[in-house]
Amino acid sequence: MAAAPAGGGRGGVSFCFATASGVKALALSAFTLAWTHSIAKVEWQEDWRVTPAGLELVQARVKGTGPGMEPPREARLVDGWFQWRPQRSPMHEVVLGNSGAAGEWRLCHDGKCRTLSEIVGHPIGANVTTMKICSDP
């Protein structure tokens with residue numbers, strides 16, 4: 001999913017990562033969150049939109065199945081990925097755990113992916129990171 005700048009500094013919303021060491025704001029209106037399952041080593045991706053109502057999960061997809069990551073009944077196999085549109089309300093924040101056993105969460109937009117450590121500027125390690133909406137300055 002391609003992302004465009006959010007708000008442009010005109011009272012819109014920004015997307016932030018909050019870690020134990022601080023907060024990093026990003027000017028994104030859409031992004032893909034990707035990770036690899038720690039046991040099955042299967043890729044999982046979620047497309048998110050940043051809206052004034054919160055973080056909206058638009059689509060999810062998984063490259064296969066494994067323990068704890070079975071796609072729901074409504075998922076459809078498309079180009080090797082089970083894809084579906086989760087039905088949930090936008091969320092003000094989403095907490096991401098990191099066991100350290102499967103590599104890091106990756107944030108993708110404009111055709112490029114970066115680890116959370118690269119984005120926030122320090123190693124994340126086995127800690128909690130919170131994705132959240134934050135007001136533009």
For this session: State, to 0.1 Å, how close Trp105 and Gly97 come at their nearest heavy-atom pair, and which atoms those are.
Result: NE1-O, 2.7 Å

Problem set entry | Flag side-chain contact, heavy atom, 4.5 Å: Trp35 against Glu46 | yes

For this session: Kindly work out whether a path of hydrophobic side-chain contacts (I/L/V/M/F/W/Y, heavy atoms less than 4.5 Å apart) joins Val78 to Trp44.
Result: no

For this session: Report the residue from Val58, Thr32, Val94, Leu107 that forms a side-chain contact (heavy atoms from CB on, under 4.5 Å) with Trp48.
Result: Val94

Exercise. How far apart are the closest heavy atoms of Arg76 and Arg73, and which atoms are they?
Worked result: NH1-O, 3.4 Å

Exercise. Under 4.5 Å between any side-chain heavy atoms of His109 and Leu26, yes or no?
Worked result: no

For this session: Could you tell me the separation between the CG atom of Leu57 and the CZ atom of Arg88, rounded to the nearest 0.5 Å?
Result: 7.0 Å

For this session: Name all residues meeting the side chain to side chain donor-acceptor pair (under 3.5 Å) criterion together with Thr129; count only those two or more places apart in sequence or in a different chain, and write none if there are none.
Result: none

Exercise. By ring pair (Phe, Tyr, Trp, His ring centres under 6.0 Å), which residues pair with Trp81, not counting sequence neighbours?
Worked result: none

For this session: With sequence neighbours left out, write down each residue that passes salt bridge (Lys or Arg N to Asp or Glu O under 4.0 Å) with Glu74, or none if nothing qualifies.
Result: none

Problem set entry | Atom pair CG (Leu116) and NZ (Lys24), whose distance is rounded to the nearest 0.5 Å | 12.0 Å

Exercise. Could you state the interatomic distance from OG1 (Thr19) to CG (Leu96), rounded to the nearest 0.5 Å?
Worked result: 11.5 Å

Exercise. Taking all non-hydrogen atoms of both residues, which atom of Pro86 and which atom of Gln59 are closest, and how far apart?
Worked result: CD-CA, 3.9 Å

Exercise. How about Val62 and Glu70: do any of their side-chain heavy atoms sit closer than 4.5 Å?
Worked result: no

Problem set entry | Closest heavy-atom pair and its distance - Thr36, Arg106 | OG1-NH1, 3.9 Å

For this session: Drop me the distance from Ile119's CD1 to Arg114's CZ, to the nearest 0.5 angstrom.
Result: 5.0 Å

For this session: List the atom of Cys16, the atom of Val23, and the distance in Å for their closest heavy-atom pair.
Result: CB-CG1, 3.8 Å

Problem set entry | Lys132 atom NZ, over 12 foreign heavy atoms within 6.0 Å | no

For this session: Ignoring hydrogens and angles, tell me if any N or O in the side chain of Gln87 forms a donor-acceptor pair with the backbone of Arg85 under 3.5 Å.
Result: yes

Problem set entry | Shortest non-hydrogen contact from Ala34 toward Cys108 | CB-SG, 4.4 Å

Exercise. Looking at Glu56 and Arg49, does any basic side-chain N land under 4.0 Å from a carboxylate oxygen?
Worked result: yes

